[in-house]
Protein chains: 2
Amino acid sequence: MAKRLTQQDIARMAGVSQATVSLVLNNRQDAGVRIAPETRARVLEVIRKTGYVANPIARRLHDHRNRILGVFTYEAVFPSTRADFYQPFLEGIEEQAEEAGCDLLLFTSAKAAGGRRRIFSDDSRIRLADGCVLLGRSLDRDDLAQLLTEGIPFVSIGRRDDAGGPVPHVGADYPAAVRDLVDRAVALGHRRFAYVGAGTGAESSADRLRGFREAVAAHGVEGTHVPFAGLGQLLDAGITAVLAEEVSDGAALVLAARERGLSVPGDLSVLALGAATRPAPRDVDLTGFTIPRREMGRRAVQALTEVLEKGTTPQELLACRFVEGSTLG
Amino acid sequence: MAKRLTQQDIARMAGVSQATVSLVLNNRQDAGVRIAPETRARVLEVIRKTGYVANPIARRLHDHRNRILGVFTYEAVFPSTRADFYQPFLEGIEEQAEEAGCDLLLFTSAKAAGGRRRIFSDDSRIRLADGCVLLGRSLDRDDLAQLLTEGIPFVSIGRRDDAGGPVPHVGADYPAAVRDLVDRAVALGHRRFAYVGAGTGAESSADRLRGFREAVAAHGVEGTHVPFAGLGQLLDAGITAVLAEEVSDGAALVLAARERGLSVPGDLSVLALGAATRPAPRDVDLTGFTIPRREMGRRAVQALTEVLEKGTTPQELLACRFVEGSTLG
DNA sequence: TCAAGATGCTAATTCGAATTATTGCAGGCT
DNA sequence: AGCCTGCAATAATTCGAATTAGCATCTTGA
């Protein structure tokens with residue numbers, strides 16, 4: 001196997017010193033550093049011909065920019081079961097990375113201790129990347145805390161509670177999106193609401209439920225929360241509008257209601273809150289909102305750039321888009 | 001940002017040298033290297049107390065392996081239009097990379113000159129990775145030649161003709177798979193065959209057509225090749241069995257035949273040769289074969305490992321799996 | 001008792017690139 | 001001639017960990 005080229009090799013070929021190659025490569029023009037145009041050209045020509053690229057490892061040891069952005073997920077991203085969830089985010093990430101001229105490093109090497117990947121294993125490679133985008137419904141609190149204390153630049157996709165300090169993130173504004181749905185339903189005359197879904201655990205769930213509670217309180221209407229949906233109990237309780245965290249749960253409710261000969265939205269309105277951790281039937285035209293996944297991916301990379309350049313802690317929530325379906329009336 | 005601890009720091013705290021810390025850390029017991037148990041214990045205690053972890057960057061610098069595998073595609077991989085094509089391969093690649101303890105670098109930074117990425121652009125970053133897996137229906141011959149002459153370790157997914165030298169690849173054995181289909185059809189009494197599809201351009205197309213020609217010649221039956229399918233002309237020519245390179249073409253033929261009131265496979269047998277560059281209707285139960293995409297991804301990474309370790313030029317064809325559909329009779 | 005061997009550790013070097021301090025060399029000026 | 005100035009390029013050092021050669025010190029065995 002051909003040995004990897006080094007700056008020393010390039011230097012020899014161009015008849016200059018290694019230092020000169022480095023200076024040319026980094027296009028240094030500072031005071032005190034001067035390279036004659038013809039020398040520069042000669043070095044560049046050798047670099048072009050050989051396709052030399054600086055060893056990112058060695059470079060990293062010194063300077064701190066590789067133009068490599070890490071993408072960490074707790075599970076493999078490509079299996080089709082996850083693809084539906086990860087894909088839109090990755091699409092945005094890839095797009096923005098391309099724009100920023102960065103390559104993406106997928107941390108596939110993270111030791112799968114107990115089936116799940118870990119950010120910090122015995123020889124964590126997270127520092128290979130300039131910074132890192134974290135992707136997943138819920139992230140390990142300890143991992144986040146360690147990222148913060150070790151000062152590793154990262155951005156979470158999805159809002160995160162503090163973990164020993166504010167966590168940089170690009171999330172979706174679930175409270176606002178849920179409030180909007182409740183507002184619309186109230187305007188149509190609904191007075192008894194139910195929220196179906198976990199409503200706890202991951203921040204995304206908690207945020208939705210919080211939005212729901214705020215909205216029903218603001219309108220002075222009735223709102224209950226049940227983790228699992230039973231169509232019967234909902235109807236018995238006189239509920240007229242259900243907000244389902246999971247799209248698939250919402251769809252199941254609609255189908256169940258129609259099977260009973262009930263009309264949706266005539267007898268019951270069903271609103272979907274965008275979560276898609278499980279595949280949902282496509283043929284139910286749910287009213288609700290969509291999560292701007294692709295945009296979140298893009299913005300996360302932009303935010304990461306900001307972290308890297310300015311050392312800030314960006315926190316941003318993107319608005320969800322209302323979807324005019326046929327299950328609210 | 002807390003400064004990271006170094007082995008030097010640990011050494012100072014334990015009252016030993018940096019070298020000793022390294023030896024303890026790596027648990028070296030080789031001949032000529034000995035550390036007294038109490039010294040070892042003292043160092044380990046300091047490491048435990050401080051939570052020191054070796055800087056992976058510095059470590060990599062020394063052993064010349066970045067443990068980064070590149071994945072190059074001529075287009076973005078995540079957009080849903082391509083996802084169906086790339087996904088199974090990537091799944092296998094990711095799986096095997098995880099096993100090998102390597103991370104995946106997606107070359108998203110490759111300049112999109114004329115919409116298409118280039119392996120060798122002005123500042124190609126291909127050498128960032130230890131080696132590279134190439135993915136795509138057809139690869140640029142000049143790119144392949146350059147990879148070979150520059151001695152960049154790589155493996156192509158899909159068989160490739162020589163490009164100034166043998167190209168390391170992991171492909172699918174199309175000739176065998178096509179011959180198998182023809183054999184089965186001949187056994188069922190078919191004597192007039194047609195091959196529908198490009199049959200040229202990409203190696204994958206050419207290989208299929210070659211298998212077809214060999215098979216019809218071996219059986220002494222009639223076999224013609226047409227780039228585009230016209231149901232009428234096929235029937236006029238007395239064809240009883242059609243092999244469609246593209247699954248979608250095969251499906252279209254079946255649907256067209258049924259629309260005319262013909263029976264498939266009663267009046268016409270249709271066999272699909274696995275190519276899926278266009279989305280195909282799911283509701284046609286075609287007989288044919290499937291390409292072991294996921295396995296190809298896995299094997300490609302294994303082959304790349306071999307290239308990296310032994311400098312060989314692996315070439316391998318994986319068998320396609322026969323699919324018992326309902327369009328052969 | 002003294003050379004041979006075992007033991008325990010460290011100094012010095014390496015990896016590849018970035019950076020700083022320094023040297024060499026024209027040419028201009030007095 | 002002697003001296004500075006400005007420019008070009010290089011030697012030397014740095015980063016953190018791994019490794020090799022080698023230096024003390026301590027045991028043995030004859």
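Each chain gets a letter, A, B and so on, in the order its sequence line appears, and its residues count up from 1. Since this is a predicted model, take the numbers as computed values, not measurements.
The side chain of B:His62 lies closest to C:dC15, out of C:dC15, D:dT10, D:dA8. When the nucleotides D:dA9, D:dA11, D:dG16 are ranked by their closest atom to the side chain of B:Leu61, D:dG16 comes out on top. Distance from the side chain of B:Ser22 is smallest to D:dT19 among C:dA11, D:dT19, D:dA8. Distance from the side chain of A:Asn26 is smallest to C:dA18 among C:dA18, D:dA12, C:dC9. For B:Arg59, taking side-chain heavy atoms from C-beta onward, the closest of the listed nucleotides D:dA12, D:dA17, C:dC9 is D:dA17. Considering only side-chain atoms of A:Ala58, the nucleotide from C:dA18, D:dA18, C:dG16 that sits closest is C:dG16.
Counting to the nearest Å, the C1' atom of C:dC15 and the CD1 atom of A:Ile57 are 11 Å from each other. Per the geometry, CZ belonging to B:Arg40 stands 9 Å off P belonging to C:dC9, to the nearest Å. Across the protein-nucleic acid pair, B:Leu23 atom CG and C:dA11 atom C1' stand 13 Å apart, rounded to whole Å. Per the geometry, CG belonging to B:Asp9 stands 8 Å off P belonging to D:dG16, to the nearest Å. The interatomic distance linking B:Glu38 (CD) with C:dC9 (C1') rounds to 12 Å, in whole Å. If you take CZ of B:Arg67 and P of C:dC15, they are 20 Å apart, rounded to a whole angstrom. What separates CD of B:Gln8 from P of D:dT14 is a distance of 13 Å, to the nearest Å. Atom CZ in A:Arg12 sits about 11 Å away from atom P in C:dG16, given to the nearest Å.
In terms of position along DNA chain C, the nucleotide closest to B:Ile35 lies nearer the 5' end than the nucleotide closest to the other residue of the pair B:Ile35 and A:Ala19. For B:Thr39 and A:Val21, each mapped to the nucleotide of DNA chain C holding its nearest heavy atom, the one lying further toward the 5' end belongs to B:Thr39.
At C:dC9, none of the side-chain N or O atoms of B:Ser17 fall inside 4.0 Å of OP1 or OP2 (strictly under the cut-off). At C:dA18, one or more side-chain N or O atoms of A:Gln7 fall inside 4.0 Å of OP1 or OP2 (strictly under the cut-off). The side chain of B:Tyr52 places no N or O atom within less than 4.0 Å of a non-bridging phosphate oxygen (OP1 or OP2) of D:dG16. In this model, the phosphate group of C:dT19 is approached by a side-chain N or O of A:Arg28 to a distance below 4.0 Å at OP1 or OP2.
Applying the 3.5 Å distance criterion, the base of C:dA18 shares a donor-acceptor pair with the side chain of A:Gln18.
Note on A:Ala36: only backbone sugar-phosphate atoms sit closer than 4.0 angstrom, heavy atoms only; bases stay farther off. Counting any heavy atom pair closer than 4.0 Å across all strands shown, B:Val16 reaches sugar-phosphate atoms only and no base atom. Counting non-hydrogen atoms under 4.0 angstrom, B:Thr6 reaches the backbone sugars and phosphates but no base.
Here the CZ-CG distance, from B:Arg293 to B:Leu318, works out to 13.0 Å after rounding to the nearest 0.5 Å.
In terms of heavy atoms, A:Arg4 sits closest to A:Asn55 at NH2-CA, 3.7 Å. Annotation for A:Gly165 and A:Leu148: closest pair O-CD1, 3.6 Å, computed over non-hydrogen atoms.
The shortest side-chain heavy-atom distance between A:Val133 and A:Ile157 falls under the 4.5 Å cut-off.
With hydrogens and angles disregarded, no donor-acceptor distance shorter than 3.5 Å links the side chain of A:Arg159 to the backbone of A:Ser156. Between the side chain of A:Thr50 and the backbone N or O of A:Val46 there is at least one donor-acceptor pair closer than 3.5 Å.
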